[in-house]
There are 2 protein chains.
Amino acid sequence: MKGIAQLAQQLGISTGTVSRALNGKPDVNAETRRRVLEAARSQGYAPNHAARALAQGATHQVGFMIQLAPENASSNDYFFMGVFDAMQRVLDKHELDLLVLPCPSHQDHYTYLQRFVSRSAVDGMILASTMRTDPRITLMQSSGIPFVTLGRSSTGSGYSWIDLDFETAVETAIDRFVARGHRRIALTLPDGEINFGSVVHQSYRQALARHGLEYDEQLVLTTHRREDDGDGVVDRLLALSAPPTAIFLMYELTAIGIYRRLRERGLEPGRDLAIISFRDEPTIRFIEPSLTCFHISLDDVGIALAHALLAQIPQFSKAYPGGIIGKRPPVTLVAGRSDACDPPA
Amino acid sequence: MKGIAQLAQQLGISTGTVSRALNGKPDVNAETRRRVLEAARSQGYAPNHAARALAQGATHQVGFMIQLAPENASSNDYFFMGVFDAMQRVLDKHELDLLVLPCPSHQDHYTYLQRFVSRSAVDGMILASTMRTDPRITLMQSSGIPFVTLGRSSTGSGYSWIDLDFETAVETAIDRFVARGHRRIALTLPDGEINFGSVVHQSYRQALARHGLEYDEQLVLTTHRREDDGDGVVDRLLALSAPPTAIFLMYELTAIGIYRRLRERGLEPGRDLAIISFRDEPTIRFIEPSLTCFHISLDDVGIALAHALLAQIPQFSKAYPGGIIGKRPPVTLVAGRSDACDPPA
DNA sequence: CTGAAAGCGCTTACAG
DNA sequence: CTGAAAGCGCTTACAG
């Protein structure tokens with residue numbers, strides 16, 4: 001005999017009563033409850049997860065699917081760790097565990113997700129790194145399992161998402177550049193079908209238009225999440241007949257190569273080229289001159305994800321009103337010296 | 001009706017047969033199996049995880065517990081992502097899923113682990129960031145659940161561990177310094193009770209002794225995983241009557257502060273102080289002068305962890321002989337320019 | 001090769 | 001307030 005049956009036998013009561021006591025149900029004698037809790041504690045008893053999930057039809061587990069890849073698009077690892085930590089502070093209150101599901105780089109992310117979903121392995125799911133077209137969203141919607149995407153997508157509608165405020169970052173950056181007198185402003189976009197690439201691209205066009213600046217596709221380059229790509233960016237832009245005097249970078253690492261390559265060509269970042277980067281990642285925290293970029297509170301992101309998810313789980317939805325939402329936690333400018341220059345006269 | 005019962009009804013056969021077909025049991029008619037597999041595929045059926053785990057007494061899931069904290073000791077996030085990816089390439093072959101269990105910074109790591117263990121939520125577990133004294137090991141041993149630690153500990157014995165080869169790194173670094181003529185060699189150790197701190201400390205003493213150099217506790221400092229601590233390191237060491245001419249760093253980030261502070265004091269890293277750091281993290285990949293450090297294959301670590309764990313799961317142990325092991329994947333020196341200097345004459 | 005049935009360890013109406 | 005019993009969705013001896 002084991003588990004709850006063993007406990008029940010030791011205490012001379014039924015398994016049903018033990019279960020009710022353990023689960024905090026009302027209508028259990030206070031003394032009985034005390035004895036049960038004490039026995040469970042002293043023996044380190046915890047209900048078998050599978051049995052409990054099967055009986056209740058709920059796992060008390062939330063999945064957070066991330067992609068494992070050298071360049072996992074929108075966010076890096078420091079980013080996620082902070083988000084996990086914040087999310088769990090909220091989930092803890094409801095005895096929900098967070099399981100991180102790292103989709104291996106050699107597996108298809110749709111198939112990977114489908115496995116967990118069709119097995120009913122979690123009560124809710126967070127999907128990171130959404131694609132412009134992302135069939136995972138359709139999959140989740142037809143599954144009926146509550147989910148929130150970290151990132152928007154053009155696939156589907158009527159689901160909750162939390163995203164970084166790329167729009168504000170791009171607008172702020174362009175405004176800053178323009179205020180300094182820059183009129184040729186370049187942009188690096190992420191490679192591939194990650195959704196925020198479109199968002200940034202469009203915000204960029206709109207910001208330019210707002211300032212009466214012409215959109216020039218030669219100023220828009222694609223980079224991977226690798227420093228090396230910065231070298232190519234410099235070479236390509238300087239080869240233009242009218243090179244840009246400012247640039248906004250989506251991937252911070254690009255700045256490393258840009259700094260290096262500029263210097264190899266006798267130019268200085270922050271003097272001969274104004275640079276603003278999207279996120280204040282630790283990786284480039286120490287670059288000189290310091291990079292102007294945007295801070296995003298990982299706490300905000302984690303908490304928003306948790307709330308958006310809980311709002312969809314019937315048991316908790318009363319405590320988290322709002323229903324289906326789309327939300328972008330604020331970004332704040334971190335002024336560095338990389339953009340503290342006017343365009344050459 | 002749902003799940004396997006629904007499938008069985010549609011096909012006009014019993015649930016037992018469906019189950020056997022799905023699970024690849026022998027003694028199933030080839031045509032029957034084909035029909036079952038086809039129906040399951042087309043309907044996206046996958047066995048309910050909880051029911052399967054309960055019936056089989058196995059979850060087909062492996063947990064990998066990590067700590068969420070600004071300074072999670074031995075390894076950083078890039079490190080883990082690479083390890084997860086490699087591990088899953090091995091686990092995939094056996095249809096085992098990897099669940100990352102990120103212990104929130106506000107929770108006690110023992111209690112956190114105990115919850116998953118006593119619920120039988122996983123078939124095996126990896127424990128990262130082992131402490132000098134680590135009660136989690138005792139917990140795992142008494143649970144009977146196969147586990148491997150990533151890092152050694154003085155707690156317990158007879159369990160499998162994989163660790164980084166701190167010994168070789170320290171020895172190699174000291175040998176390099178000594179070959180250059182350095183005789184006053186400083187060391188930074190991790191703060192707290194993380195186990196590798198002791199390992200490094202002891203290796204350092206032994207390496208010094210081997211070269212007939214005296215151990216001087218003034219040369220051994222403690223740092224957090226933060227760049228700022230590098231400033232203090234420089235100040236404290238230069239205040240000594242006989243400052244060191246070389247230093248080995250456990251946390252790469254320390255190098256940032258050291259470089260900065262040296263320069264503030266009119267000194268140059270790699271010229272006035274020889275520096276070697278432990279691991280080649282992306283964060284400091286672009287520091288100038290480049291940091292001499294050690295490369296560790298994350299693939300090696302991930303694969304070793306998977307093998308060591310599989311060796312303990314009865315179902316797979318035949319394919320992974322070796323039983324209980326302790327293993328340190330090799331480190332290889334990545335020579336930079338930060339230690340390319342002789343001590344001042 | 002297949003079906004009927006027990007069992008995995010819980011939870012939860014239902015009586016009392 | 002508590003017990004007896006059914007049921008969650010699977011798997012797996014056991015017959016045949």
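Treat the numbers as computed from the prediction; the structure is a model and nothing was measured. By convention in this document, chain letters (A, B, ...) are assigned in the order of the sequence lines, proteins followed by strands, and residues within each chain are numbered from 1.
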Q: Assign each of A/Ala46 and B/Ser14 to its nearest nucleotide of DNA chain C by heavy atoms, then name whichever residue's nucleotide is nearer the 5' end.
A: B/Ser14

(Q) Using side-chain heavy atoms (C-beta onward) and a distance below 4.5 Å, is A/Leu150 in contact with A/Leu305? (A) yes

Q | Note, B/Arg132 side chain near B/Thr155 side chain (heavy atom, < 4.5 Å) | A | no

Q: Describe the nucleic acid contact of B/Gly16 in one word from base, sugar-phosphate, nothing, applying a heavy-atom distance below 4.0 Å.
A: base

Q) Are there more than 12 heavy atoms of other residues, nucleotides or ligands under 6.0 Å from atom CD of B/Glu31? A) yes

Q) Which nucleotide, in any strand shown, forms a Watson-Crick or G-U wobble pair with C/dA4, with both distances under 3.5 Å? A) none

**Q.** Side-chain H-bond candidate by donor/acceptor type, A/Asp85 with B/Ser105, under 3.5 Å
**A.** yes

(Q) Can you pull out every salt bridge (Lys or Arg N to Asp or Glu O under 4.0 Å) where at least one residue sits in residues 19-29 of chain B? Sequence neighbours excluded, please. (A) none

**Q.** chain B footprint on DNA chain C, 5' to 3' - any atom under 4.0 Å from a heavy atom
**A.** C/dC1 to C/dG9

Q.
Would you call the rings of B/His307 and B/Tyr320 parallel, tilted or perpendicular, taking 30° and 60° as the class edges?
A. tilted

Q. Looking for any heavy atom pair under 4.0 Å, which part of the strands does A/Asn48 touch: base, sugar-phosphate only, or nothing?
A. sugar-phosphate

Q) So what's C/dA13 paired with, Watson-Crick or G-U wobble, going by both distances under 3.5 Å? A) none

Q) How is B/Asn29 classified with respect to the nucleic acid when contacts are heavy atoms under 4.0 Å: base, sugar-phosphate, or nothing? A) sugar-phosphate

